[in-house]
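Right, one structure below, let's go through it.
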2 protein chains.
Amino acid sequence: MTTSDFSELERRADPMSPHAPSRTKRGQATQRKLLEAAEEVFAELGYHEASIVKITERAGIGLGTFYLYFDSKQTIFEALVIDLNRRVRRSMAEAMEGASSRLEAERAGFAGFFRFTAEHPALYRVVREAELVSPEALHLHYSRIVAGYVEGLRRAQVAGEVSDIDPEVAAWALMGIGELVGARYILWERDAHGRRPEQIDPHVLDHMMRFIETALAPRPTGAPTPEDPS
Amino acid sequence: MTTSDFSELERRADPMSPHAPSRTKRGQATQRKLLEAAEEVFAELGYHEASIVKITERAGIGLGTFYLYFDSKQTIFEALVIDLNRRVRRSMAEAMEGASSRLEAERAGFAGFFRFTAEHPALYRVVREAELVSPEALHLHYSRIVAGYVEGLRRAQVAGEVSDIDPEVAAWALMGIGELVGARYILWERDAHGRRPEQIDPHVLDHMMRFIETALAPRPTGAPTPEDPS
DNA sequence: CACAAACCTGAGACCTGATTCAGGTAACGG
DNA sequence: CCGTTACCTGAATCAGGTCTCAGGTTTGTG
(Lines give C-alpha, C1' and ligand atoms only; values in the text may rest on other atoms or scores of the structure.)
Protein backbone atom coordinates (compact mmCIF):
# COMPACT_ATOMS: atom_id res chain seq x y z
CA MET A 1 0.00 0.00 0.00
CA THR A 2 2.56 2.55 1.07
CA THR A 3 3.60 2.23 -2.55
CA SER A 4 1.36 5.09 -3.64
CA ASP A 5 2.52 6.99 -6.66
CA PHE A 6 3.72 10.47 -5.87
CA SER A 7 5.30 11.22 -9.23
CA GLU A 8 2.62 13.73 -10.19
CA LEU A 9 3.17 15.61 -6.97
CA GLU A 10 6.90 15.65 -7.43
CA ARG A 11 6.61 16.86 -10.97
CA ARG A 12 4.37 19.70 -9.89
CA ALA A 13 6.61 20.61 -7.02
CA ASP A 14 9.76 20.46 -9.09
CA PRO A 15 10.67 24.02 -9.92
CA MET A 16 12.63 22.87 -12.94
CA SER A 17 9.81 21.58 -15.01
CA PRO A 18 7.10 23.80 -16.49
CA HIS A 19 8.91 27.03 -15.88
CA ALA A 20 12.46 26.64 -16.76
CA PRO A 21 15.00 29.23 -15.75
CA SER A 22 17.82 27.94 -13.60
CA ARG A 23 19.87 26.56 -16.35
CA THR A 24 22.68 28.66 -15.00
CA LYS A 25 24.26 28.93 -11.58
CA ARG A 26 22.53 32.21 -11.04
CA GLY A 27 19.09 30.78 -11.55
CA GLN A 28 19.77 27.88 -9.26
CA ALA A 29 20.96 30.21 -6.54
CA THR A 30 17.75 32.21 -6.81
CA GLN A 31 15.68 29.11 -6.55
CA ARG A 32 17.59 27.95 -3.50
CA LYS A 33 17.17 31.35 -1.88
CA LEU A 34 13.44 31.12 -2.41
CA LEU A 35 13.19 27.70 -0.81
CA GLU A 36 15.27 28.78 2.15
CA ALA A 37 13.18 31.89 2.67
CA ALA A 38 10.01 29.81 2.37
CA GLU A 39 11.29 27.46 5.05
CA GLU A 40 11.78 30.35 7.43
CA VAL A 41 8.59 32.18 6.65
CA PHE A 42 6.32 29.15 6.75
CA ALA A 43 7.93 28.04 9.99
CA GLU A 44 7.43 31.40 11.65
CA LEU A 45 4.07 32.42 10.28
CA GLY A 46 2.37 29.27 9.13
CA TYR A 47 0.82 28.76 5.75
CA HIS A 48 -2.05 31.18 5.87
CA GLU A 49 -0.10 34.06 7.36
CA ALA A 50 2.81 33.59 5.02
CA SER A 51 2.60 35.45 1.73
CA ILE A 52 4.54 35.47 -1.48
CA VAL A 53 5.59 39.03 -0.77
CA LYS A 54 7.05 38.07 2.58
CA ILE A 55 8.90 35.14 1.08
CA THR A 56 10.43 37.15 -1.72
CA GLU A 57 11.35 39.97 0.63
CA ARG A 58 13.12 37.55 2.94
CA ALA A 59 14.89 36.05 -0.04
CA GLY A 60 15.92 39.52 -1.19
CA ILE A 61 14.29 38.96 -4.54
CA GLY A 62 11.68 40.71 -6.62
CA LEU A 63 8.10 39.64 -6.31
CA GLY A 64 7.68 38.83 -9.96
CA THR A 65 10.64 36.51 -9.92
CA PHE A 66 8.80 34.10 -7.69
CA TYR A 67 6.54 33.11 -10.54
CA LEU A 68 9.47 32.19 -12.71
CA TYR A 69 10.22 29.38 -10.29
CA PHE A 70 6.97 28.29 -8.73
CA ASP A 71 3.37 28.24 -9.88
CA SER A 72 1.87 29.30 -6.60
CA LYS A 73 2.15 29.35 -2.86
CA GLN A 74 0.84 25.80 -2.76
CA THR A 75 3.52 24.62 -5.14
CA ILE A 76 6.42 26.02 -3.18
CA PHE A 77 4.89 24.58 -0.04
CA GLU A 78 4.87 21.14 -1.59
CA ALA A 79 8.40 21.55 -2.85
CA LEU A 80 9.42 22.46 0.67
CA VAL A 81 7.82 19.36 2.18
CA ILE A 82 9.64 17.18 -0.31
CA ASP A 83 12.90 18.96 0.34
CA LEU A 84 12.64 18.75 4.12
CA ASN A 85 11.65 15.11 3.88
CA ARG A 86 14.73 14.30 1.86
CA ARG A 87 16.93 16.12 4.31
CA VAL A 88 15.51 14.62 7.47
CA ARG A 89 15.85 11.13 6.07
CA ARG A 90 19.41 11.83 5.10
CA SER A 91 20.06 13.13 8.59
CA MET A 92 18.64 9.97 10.13
CA ALA A 93 20.51 7.68 7.75
CA GLU A 94 23.79 9.42 8.44
CA ALA A 95 23.26 9.17 12.18
CA MET A 96 22.60 5.44 11.90
CA GLU A 97 25.62 4.74 9.77
CA GLY A 98 28.10 2.54 11.50
CA ALA A 99 25.76 1.45 14.27
CA SER A 100 26.49 -2.15 15.00
CA SER A 101 23.34 -3.39 16.66
CA ARG A 102 19.72 -2.69 15.92
CA LEU A 103 19.35 -1.10 19.28
CA GLU A 104 22.20 1.26 18.68
CA ALA A 105 20.89 2.11 15.25
CA GLU A 106 17.44 2.85 16.59
CA ARG A 107 18.77 5.24 19.15
CA ALA A 108 21.06 6.94 16.66
CA GLY A 109 18.20 7.33 14.21
CA PHE A 110 16.07 9.10 16.78
CA ALA A 111 18.98 11.25 17.80
CA GLY A 112 19.40 12.28 14.17
CA PHE A 113 15.73 13.03 13.92
CA PHE A 114 15.75 15.16 17.05
CA ARG A 115 18.82 17.03 15.95
CA PHE A 116 17.18 17.87 12.68
CA THR A 117 14.02 18.90 14.49
CA ALA A 118 15.95 21.26 16.72
CA GLU A 119 17.79 22.79 13.78
CA HIS A 120 14.81 22.97 11.46
CA PRO A 121 11.60 23.65 13.33
CA ALA A 122 10.07 24.17 9.93
CA LEU A 123 9.84 20.43 9.40
CA TYR A 124 7.42 20.11 12.21
CA ARG A 125 5.23 23.05 11.52
CA VAL A 126 5.13 22.56 7.81
CA VAL A 127 4.24 18.91 8.17
CA ARG A 128 1.46 19.75 10.59
CA GLU A 129 -0.13 22.18 8.23
CA ALA A 130 0.30 19.88 5.29
CA GLU A 131 -2.62 17.86 6.61
CA LEU A 132 -4.92 20.44 5.08
CA VAL A 133 -2.76 22.36 2.67
CA SER A 134 -1.57 19.35 0.76
CA PRO A 135 -2.55 15.93 2.05
CA GLU A 136 -0.67 14.31 -0.79
CA ALA A 137 2.58 15.88 0.32
CA LEU A 138 1.89 14.81 3.88
CA HIS A 139 1.36 11.21 2.88
CA LEU A 140 4.51 11.24 0.84
CA HIS A 141 6.43 12.48 3.84
CA TYR A 142 5.14 9.88 6.25
CA SER A 143 5.17 7.01 3.80
CA ARG A 144 8.81 7.50 2.96
CA ILE A 145 9.89 7.55 6.57
CA VAL A 146 7.71 4.59 7.43
CA ALA A 147 9.10 2.66 4.49
CA GLY A 148 12.57 3.03 5.94
CA TYR A 149 11.44 1.87 9.36
CA VAL A 150 9.59 -1.12 8.00
CA GLU A 151 12.60 -2.30 6.12
CA GLY A 152 14.81 -1.99 9.18
CA LEU A 153 12.31 -3.76 11.38
CA ARG A 154 11.91 -6.61 8.92
CA ARG A 155 15.61 -7.18 8.79
CA ALA A 156 15.85 -7.09 12.56
CA GLN A 157 13.01 -9.58 12.81
CA VAL A 158 14.78 -11.99 10.51
CA ALA A 159 17.86 -11.62 12.68
CA GLY A 160 15.74 -12.40 15.73
CA GLU A 161 16.37 -8.99 17.25
CA VAL A 162 12.74 -7.87 17.18
CA SER A 163 9.49 -9.57 18.08
CA ASP A 164 7.07 -10.70 15.39
CA ILE A 165 4.87 -7.61 15.67
CA ASP A 166 3.41 -6.22 12.46
CA PRO A 167 6.25 -4.01 11.24
CA GLU A 168 4.00 -1.50 9.63
CA VAL A 169 1.93 -0.87 12.73
CA ALA A 170 5.13 -0.67 14.75
CA ALA A 171 6.62 1.79 12.29
CA TRP A 172 3.68 4.18 12.57
CA ALA A 173 3.78 3.87 16.33
CA LEU A 174 7.49 4.73 16.36
CA MET A 175 6.92 7.76 14.17
CA GLY A 176 4.13 8.92 16.40
CA ILE A 177 6.37 8.68 19.42
CA GLY A 178 9.20 10.56 17.75
CA GLU A 179 6.91 13.24 16.49
CA LEU A 180 5.13 14.04 19.72
CA VAL A 181 8.09 13.59 22.02
CA GLY A 182 10.13 15.80 19.72
CA ALA A 183 7.43 18.43 19.74
CA ARG A 184 7.01 18.39 23.46
CA TYR A 185 10.63 18.24 24.59
CA ILE A 186 12.33 20.24 21.87
CA LEU A 187 9.95 22.61 20.16
CA TRP A 188 7.73 23.51 23.06
CA GLU A 189 10.38 23.37 25.75
CA ARG A 190 11.87 26.63 26.98
CA ASP A 191 14.67 27.28 29.41
CA ALA A 192 14.79 30.15 31.89
CA HIS A 193 15.61 32.60 29.10
CA GLY A 194 12.79 31.43 26.89
CA ARG A 195 15.19 29.65 24.61
CA ARG A 196 14.59 26.31 22.94
CA PRO A 197 17.01 23.55 23.88
CA GLU A 198 19.41 22.53 21.16
CA GLN A 199 19.30 18.93 22.21
CA ILE A 200 16.72 16.71 23.73
CA ASP A 201 17.00 16.13 27.46
CA PRO A 202 19.04 12.91 27.84
CA HIS A 203 16.75 11.69 30.57
CA VAL A 204 13.81 11.91 28.19
CA LEU A 205 15.69 10.20 25.40
CA ASP A 206 16.70 7.39 27.77
CA HIS A 207 13.20 6.72 28.95
CA MET A 208 11.80 6.96 25.48
CA MET A 209 14.34 4.49 24.14
CA ARG A 210 13.65 2.18 27.00
CA PHE A 211 9.97 2.31 26.14
CA ILE A 212 10.70 1.49 22.52
CA GLU A 213 13.27 -1.20 23.15
CA THR A 214 11.00 -2.98 25.55
CA ALA A 215 8.12 -2.75 23.13
CA LEU A 216 10.08 -4.32 20.32
CA ALA A 217 12.10 -6.86 22.27
CA PRO A 218 11.72 -10.41 21.03
CA ARG A 219 9.67 -12.54 23.35
CA PRO A 220 11.40 -15.22 25.25
CA THR A 221 10.84 -18.36 23.22
CA GLY A 222 8.28 -20.68 24.69
CA ALA A 223 6.51 -17.80 26.35
CA PRO A 224 2.72 -17.71 26.56
CA THR A 225 0.86 -17.00 23.33
CA PRO A 226 0.00 -13.44 22.30
CA GLU A 227 -3.72 -14.04 22.85
CA ASP A 228 -5.05 -12.18 25.80
CA PRO A 229 -6.60 -14.23 28.58
CA SER A 230 -10.03 -12.61 28.59
CA MET B 1 5.04 22.02 34.11
CA THR B 2 1.78 20.75 32.71
CA THR B 3 0.34 23.09 35.26
CA SER B 4 0.33 26.01 32.82
CA ASP B 5 -2.45 28.48 33.29
CA PHE B 6 -4.97 28.45 30.51
CA SER B 7 -7.59 30.57 32.20
CA GLU B 8 -6.94 33.58 29.97
CA LEU B 9 -7.41 31.41 26.90
CA GLU B 10 -10.60 29.93 28.23
CA ARG B 11 -11.99 33.30 29.12
CA ARG B 12 -11.28 34.58 25.64
CA ALA B 13 -12.73 31.52 24.00
CA ASP B 14 -15.80 31.54 26.15
CA PRO B 15 -18.59 32.97 24.06
CA MET B 16 -20.48 34.02 27.16
CA SER B 17 -18.12 36.56 28.51
CA PRO B 18 -17.42 39.87 26.74
CA HIS B 19 -20.38 39.69 24.41
CA ALA B 20 -23.32 38.43 26.24
CA PRO B 21 -26.41 37.34 24.43
CA SER B 22 -27.48 33.75 24.99
CA ARG B 23 -29.22 34.41 28.22
CA THR B 24 -32.22 32.79 26.61
CA LYS B 25 -32.74 29.42 24.96
CA ARG B 26 -32.76 31.09 21.61
CA GLY B 27 -29.35 32.65 22.02
CA GLN B 28 -27.84 29.44 23.27
CA ALA B 29 -29.20 27.56 20.30
CA THR B 30 -27.63 30.06 17.94
CA GLN B 31 -24.32 29.76 19.66
CA ARG B 32 -24.43 25.98 19.49
CA LYS B 33 -25.32 26.14 15.80
CA LEU B 34 -22.27 28.30 15.19
CA LEU B 35 -19.92 25.93 16.97
CA GLU B 36 -21.32 22.94 15.13
CA ALA B 37 -21.00 24.67 11.80
CA ALA B 38 -17.47 25.73 12.65
CA GLU B 39 -16.55 22.15 13.44
CA GLU B 40 -17.72 21.03 10.02
CA VAL B 41 -16.26 23.88 8.05
CA PHE B 42 -12.86 23.87 9.74
CA ALA B 43 -12.67 20.10 9.34
CA GLU B 44 -13.48 20.23 5.66
CA LEU B 45 -11.65 23.33 4.58
CA GLY B 46 -9.00 23.99 7.19
CA TYR B 47 -8.48 27.25 8.96
CA HIS B 48 -7.33 29.43 6.14
CA GLU B 49 -9.91 28.27 3.61
CA ALA B 50 -12.70 28.51 6.10
CA SER B 51 -14.44 31.86 6.33
CA ILE B 52 -16.95 33.44 8.62
CA VAL B 53 -19.37 33.63 5.74
CA LYS B 54 -19.13 29.90 5.15
CA ILE B 55 -19.60 29.17 8.82
CA THR B 56 -22.65 31.38 9.19
CA GLU B 57 -24.14 30.05 5.98
CA ARG B 58 -23.71 26.51 7.17
CA ALA B 59 -25.26 27.47 10.47
CA GLY B 60 -28.17 29.12 8.67
CA ILE B 61 -27.50 32.38 10.41
CA GLY B 62 -26.84 35.93 9.35
CA LEU B 63 -23.26 37.04 8.95
CA GLY B 64 -23.48 39.85 11.44
CA THR B 65 -24.79 37.55 14.13
CA PHE B 66 -21.45 35.81 14.30
CA TYR B 67 -19.90 38.81 16.01
CA LEU B 68 -22.48 38.78 18.75
CA TYR B 69 -21.03 35.48 19.90
CA PHE B 70 -17.36 35.47 18.97
CA ASP B 71 -14.73 38.14 18.60
CA SER B 72 -13.07 36.70 15.55
CA LYS B 73 -12.27 33.65 13.53
CA GLN B 74 -9.42 32.91 15.89
CA THR B 75 -11.70 33.03 18.91
CA ILE B 76 -14.20 30.54 17.58
CA PHE B 77 -11.34 28.29 16.58
CA GLU B 78 -10.05 28.28 20.13
CA ALA B 79 -13.50 27.70 21.52
CA LEU B 80 -13.77 24.73 19.18
CA VAL B 81 -10.47 23.21 20.34
CA ILE B 82 -11.58 23.49 23.95
CA ASP B 83 -14.95 21.99 23.15
CA LEU B 84 -13.52 19.06 21.19
CA ASN B 85 -10.96 18.43 23.90
CA ARG B 86 -13.65 18.21 26.53
CA ARG B 87 -15.65 15.84 24.42
CA VAL B 88 -12.82 13.50 23.48
CA ARG B 89 -11.76 13.19 27.09
CA ARG B 90 -15.29 12.42 28.08
CA SER B 91 -15.43 9.81 25.35
CA MET B 92 -12.25 8.17 26.59
CA ALA B 93 -13.31 8.29 30.21
CA GLU B 94 -16.66 6.73 29.43
CA ALA B 95 -15.01 3.97 27.46
CA MET B 96 -12.70 3.18 30.36
CA GLU B 97 -15.42 3.09 32.96
CA GLY B 98 -15.82 -0.31 34.45
CA ALA B 99 -12.56 -1.71 33.15
CA SER B 100 -11.13 -3.92 35.82
CA SER B 101 -7.45 -4.11 34.96
CA ARG B 102 -5.08 -1.44 33.76
CA LEU B 103 -4.61 -3.36 30.55
CA GLU B 104 -8.30 -3.46 29.88
CA ALA B 105 -8.65 0.21 30.68
CA GLU B 106 -5.82 1.14 28.35
CA ARG B 107 -7.38 -0.69 25.49
CA ALA B 108 -10.80 0.75 26.16
CA GLY B 109 -9.37 4.24 26.35
CA PHE B 110 -7.78 3.92 22.95
CA ALA B 111 -10.94 2.42 21.53
CA GLY B 112 -12.86 5.43 22.81
CA PHE B 113 -10.31 7.75 21.29
CA PHE B 114 -10.48 6.01 17.94
CA ARG B 115 -14.25 5.99 17.94
CA PHE B 116 -14.30 9.70 18.58
CA THR B 117 -11.71 10.25 15.86
CA ALA B 118 -13.82 8.34 13.36
CA GLU B 119 -16.94 10.27 14.28
CA HIS B 120 -15.29 13.66 14.54
CA PRO B 121 -12.47 14.05 12.06
CA ALA B 122 -12.50 17.69 13.03
CA LEU B 123 -10.59 16.90 16.20
CA TYR B 124 -7.64 15.77 14.24
CA ARG B 125 -7.53 18.44 11.65
CA VAL B 126 -8.27 21.26 14.00
CA VAL B 127 -5.60 20.11 16.42
CA ARG B 128 -3.07 19.89 13.64
CA GLU B 129 -3.67 23.40 12.53
CA ALA B 130 -3.71 24.69 16.06
CA GLU B 131 0.07 24.36 16.09
CA LEU B 132 0.20 27.61 14.19
CA VAL B 133 -3.20 29.14 14.59
CA SER B 134 -3.22 28.99 18.35
CA PRO B 135 -0.31 27.26 20.08
CA GLU B 136 -1.86 27.98 23.44
CA ALA B 137 -4.98 26.06 22.55
CA LEU B 138 -2.86 23.20 21.27
CA HIS B 139 -0.91 22.97 24.50
CA LEU B 140 -4.08 23.03 26.49
CA HIS B 141 -5.40 20.14 24.45
CA TYR B 142 -2.34 17.96 24.83
CA SER B 143 -1.64 18.85 28.44
CA ARG B 144 -5.09 17.88 29.55
CA ILE B 145 -4.95 14.50 27.88
CA VAL B 146 -1.44 13.85 29.11
CA ALA B 147 -2.45 14.79 32.64
CA GLY B 148 -5.04 12.03 32.56
CA TYR B 149 -2.56 9.49 31.30
CA VAL B 150 0.06 10.42 33.85
CA GLU B 151 -2.35 9.97 36.67
CA GLY B 152 -3.42 6.56 35.40
CA LEU B 153 0.16 5.45 34.89
CA ARG B 154 1.19 6.59 38.37
CA ARG B 155 -1.58 4.62 39.95
CA ALA B 156 -0.69 1.56 37.91
CA GLN B 157 2.93 1.90 38.92
CA VAL B 158 2.02 1.95 42.57
CA ALA B 159 -0.03 -1.16 41.98
CA GLY B 160 2.98 -2.76 40.33
CA GLU B 161 1.20 -3.09 37.01
CA VAL B 162 3.57 -0.80 35.11
CA SER B 163 7.34 -0.49 35.03
CA ASP B 164 9.08 2.44 36.67
CA ILE B 165 9.40 4.42 33.44
CA ASP B 166 8.96 8.20 33.67
CA PRO B 167 5.18 8.51 33.43
CA GLU B 168 5.28 11.80 31.65
CA VAL B 169 7.55 10.60 28.87
CA ALA B 170 5.44 7.49 28.56
CA ALA B 171 2.28 9.57 28.38
CA TRP B 172 3.57 11.67 25.49
CA ALA B 173 4.72 8.53 23.73
CA LEU B 174 1.28 6.96 24.12
CA MET B 175 -0.40 10.05 22.76
CA GLY B 176 1.93 10.08 19.82
CA ILE B 177 1.10 6.51 19.03
CA GLY B 178 -2.62 7.09 19.29
CA GLU B 179 -2.48 10.17 17.16
CA LEU B 180 -0.48 8.81 14.27
CA VAL B 181 -2.00 5.35 14.26
CA GLY B 182 -5.43 6.95 14.34
CA ALA B 183 -4.55 9.21 11.46
CA ARG B 184 -3.10 6.48 9.37
CA TYR B 185 -5.65 3.73 9.92
CA ILE B 186 -8.83 5.73 10.33
CA LEU B 187 -8.57 9.10 8.67
CA TRP B 188 -6.37 8.25 5.73
CA GLU B 189 -7.68 4.75 5.18
CA ARG B 190 -10.16 4.21 2.37
CA ASP B 191 -12.09 1.14 1.37
CA ALA B 192 -12.88 0.13 -2.19
CA HIS B 193 -15.56 2.81 -2.40
CA GLY B 194 -13.31 5.52 -1.11
CA ARG B 195 -15.07 5.50 2.23
CA ARG B 196 -13.42 5.92 5.60
CA PRO B 197 -13.72 2.98 7.98
CA GLU B 198 -15.96 3.56 10.98
CA GLN B 199 -13.75 1.48 13.20
CA ILE B 200 -10.10 0.80 13.38
CA ASP B 201 -8.95 -2.49 11.89
CA PRO B 202 -8.89 -4.96 14.83
CA HIS B 203 -5.61 -6.40 13.63
CA VAL B 204 -4.02 -2.98 13.89
CA LEU B 205 -5.51 -2.34 17.31
CA ASP B 206 -4.24 -5.71 18.54
CA HIS B 207 -0.70 -5.13 17.41
CA MET B 208 -0.69 -1.61 18.67
CA MET B 209 -1.90 -2.68 22.08
CA ARG B 210 0.65 -5.44 22.15
CA PHE B 211 3.32 -2.87 21.46
CA ILE B 212 2.08 -0.66 24.26
CA GLU B 213 1.53 -3.41 26.78
CA THR B 214 4.98 -4.80 26.21
CA ALA B 215 6.51 -1.36 26.52
CA LEU B 216 4.87 -0.69 29.84
CA ALA B 217 5.05 -4.13 31.38
CA PRO B 218 6.87 -4.24 34.69
CA ARG B 219 10.30 -5.73 34.33
CA PRO B 220 10.61 -9.22 35.66
CA THR B 221 12.64 -8.42 38.75
CA GLY B 222 14.18 -11.78 39.34
CA ALA B 223 10.92 -13.65 39.68
CA PRO B 224 7.89 -13.61 37.38
CA THR B 225 5.23 -11.15 38.47
CA PRO B 226 2.42 -12.48 40.61
CA GLU B 227 -0.07 -11.74 37.87
CA ASP B 228 -1.49 -14.27 35.46
CA PRO B 229 -5.24 -14.02 36.00
CA SER B 230 -7.91 -16.38 34.62
C1' DC C 1 32.21 46.19 -26.88
C1' DA C 2 28.04 44.85 -29.07
C1' DC C 3 24.15 41.54 -28.98
C1' DA C 4 21.62 37.67 -27.53
C1' DA C 5 19.97 34.86 -24.01
C1' DA C 6 18.80 34.30 -19.50
C1' DC C 7 17.05 36.52 -15.57
C1' DC C 8 14.86 40.03 -12.75
C1' DT C 9 11.48 43.71 -11.39
C1' DG C 10 7.39 45.95 -8.93
C1' DA C 11 3.26 48.80 -9.94
C1' DG C 12 -1.23 47.82 -10.44
C1' DA C 13 -5.46 45.04 -11.91
C1' DC C 14 -8.24 42.16 -9.67
C1' DC C 15 -9.84 39.19 -5.67
C1' DT C 16 -11.23 37.59 -1.36
C1' DG C 17 -12.62 37.86 3.11
C1' DA C 18 -12.92 39.99 8.02
C1' DT C 19 -15.42 43.27 10.45
C1' DT C 20 -18.84 47.23 11.28
C1' DC C 21 -23.17 49.39 11.75
C1' DA C 22 -27.69 51.37 11.06
C1' DG C 23 -31.59 49.48 11.08
C1' DG C 24 -34.75 45.45 11.40
C1' DT C 25 -37.49 41.20 13.65
C1' DA C 26 -39.00 37.84 17.40
C1' DA C 27 -40.52 36.94 22.29
C1' DC C 28 -43.19 37.82 26.06
C1' DG C 29 -45.02 39.97 30.42
C1' DG C 30 -48.66 42.90 31.48
C1' DC D 1 -51.64 44.31 21.38
C1' DC D 2 -48.10 47.47 23.29
C1' DG D 3 -43.51 48.16 24.95
C1' DT D 4 -39.27 46.62 25.96
C1' DT D 5 -35.67 43.61 25.82
C1' DA D 6 -33.12 40.31 23.44
C1' DC D 7 -31.58 38.98 19.05
C1' DC D 8 -30.70 39.17 14.07
C1' DT D 9 -29.25 41.01 9.40
C1' DG D 10 -26.31 41.85 5.09
C1' DA D 11 -24.63 45.89 2.22
C1' DA D 12 -20.71 48.53 2.62
C1' DT D 13 -16.01 49.39 4.11
C1' DC D 14 -11.38 48.30 4.12
C1' DA D 15 -7.07 45.71 4.60
C1' DG D 16 -4.30 42.70 2.50
C1' DG D 17 -3.26 38.92 -1.04
C1' DT D 18 -2.20 36.76 -5.69
C1' DC D 19 -0.64 37.02 -10.10
C1' DT D 20 0.46 39.58 -14.77
C1' DC D 21 3.16 42.12 -17.76
C1' DA D 22 5.83 45.58 -20.14
C1' DG D 23 10.00 46.74 -19.61
C1' DG D 24 14.73 46.60 -17.15
C1' DT D 25 19.44 44.34 -15.96
C1' DT D 26 23.14 40.86 -15.99
C1' DT D 27 25.99 37.34 -18.10
C1' DG D 28 28.34 35.12 -21.56
C1' DT D 29 30.36 35.03 -26.14
C1' DG D 30 32.65 36.23 -30.63
Side-chain angles (χ1 to χ4, degrees), chain A residues 12-38 41-42 44-80 129 132-134, chain B residues 12-13 15-38 40-42 44-80 129 132-134:
Chain A
R12 235 178 33 226
D14 181 359
M16 298 309 196
S17 79
H19 317 258
S22 57
R23 266 176 282 216
T24 69
K25 291 255 146 99
R26 192 187 172 199
Q28 292 187 5
T30 302
Q31 193 213 111
R32 196 158 12 85
K33 275 191 272 180
L34 279 171
L35 264 180
E36 275 163 18
V41 174
F42 280 132
E44 277 168 31
L45 270 24
Y47 187 80
H48 77 278
E49 284 287 325
S51 72
I52 313 282
V53 180
K54 282 172 188 152
I55 292 172
T56 51
E57 263 170 9
R58 175 89 52 131
I61 273 175
L63 168 56
T65 308
F66 178 89
Y67 293 91
L68 296 175
Y69 293 90
F70 300 95
D71 280 332
S72 62
K73 194 172 158 184
Q74 167 108 15
T75 310
I76 196 175
F77 183 87
E78 285 167 357
L80 183 58
E129 290 216 287
L132 288 127
V133 173
S134 174
Chain B
R12 237 181 29 229
M16 296 310 196
S17 78
H19 315 258
S22 57
R23 262 178 284 219
T24 68
K25 288 260 145 97
R26 193 186 172 198
Q28 293 188 6
T30 303
Q31 192 213 115
R32 195 160 10 87
K33 274 191 272 180
L34 279 171
L35 263 181
E36 274 162 19
E40 291 174 27
V41 174
F42 280 132
E44 276 167 33
L45 270 23
Y47 188 80
H48 77 277
E49 285 288 324
S51 72
I52 312 283
V53 181
K54 281 171 189 153
I55 292 173
T56 50
E57 262 171 8
R58 176 90 53 131
I61 273 175
L63 169 56
T65 307
F66 177 90
Y67 291 91
L68 297 176
Y69 293 90
F70 299 95
D71 279 331
S72 64
K73 196 173 157 183
Q74 167 108 17
T75 310
I76 196 175
F77 183 86
E78 286 167 354
L80 183 58
E129 290 216 288
L132 288 128
V133 173
S134 176

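Lettering follows sequence order; numbering is per chain, from 1.
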Please give, in whole Å, the distance from [N] [atom2] to [X] [atom1]?
X: B:Lys25; N: C:dA26; atom1: NZ; atom2: P; result: 21 Å
X: B:Phe77; N: C:dA18; atom1: CZ; atom2: P; result: 14 Å
X: A:Ile61; N: D:dT26; atom1: CD1; atom2: C1'; result: 14 Å
X: B:Leu68; N: D:dG10; atom1: CG; atom2: C1'; result: 13 Å
X: B:Gln28; N: D:dA6; atom1: CD; atom2: C1'; result: 13 Å
X: B:Tyr69; N: C:dA18; atom1: OH; atom2: P; result: 20 Å

task = Starting at CZ of B:Phe66, measure out to CD1 of B:Ile76 and round the result to the nearest 0.5 Å.
result = 4.5 Å
inquiry  = Does any part of the side chain of A:Leu132, heavy atoms only, come nearer than 4.5 Å to the side chain of B:Tyr47, both counted from C-beta?
reply    = no
ask   = Would you say B:Phe70 and B:Leu35 make side-chain contact, with heavy atoms under 4.5 Å?
value = yes
remark   = By side-chain contact (heavy atoms from CB on, under 4.5 Å), B:Ala59 pairs with (sequence neighbours left out) B:Lys33, B:Leu34, B:Ala37, B:Ile61
Sidechain N-carboxylate O distance under 4.0 Å for A:Glu44, A:Arg58 = yes
ask   = What string of B, S and - do you get for nucleotides 14-23 of chain D 5' to 3' if you count protein non-hydrogen atoms under 4.0 Å?
value = ---SSBB---
inquiry  = Please determine whether side chain to side chain contact (heavy atoms under 4.5 Å, CB included) holds for the pair B:Lys73 and B:Ile55, giving the CA-CA distance in whole Å, both sets of side-chain angles, and the decisive distance to 0.1 Å.
reply    = CA-CA 10 Å; B:Lys73 196 173 157 183; B:Ile55 292 173; 5.6 Å; no
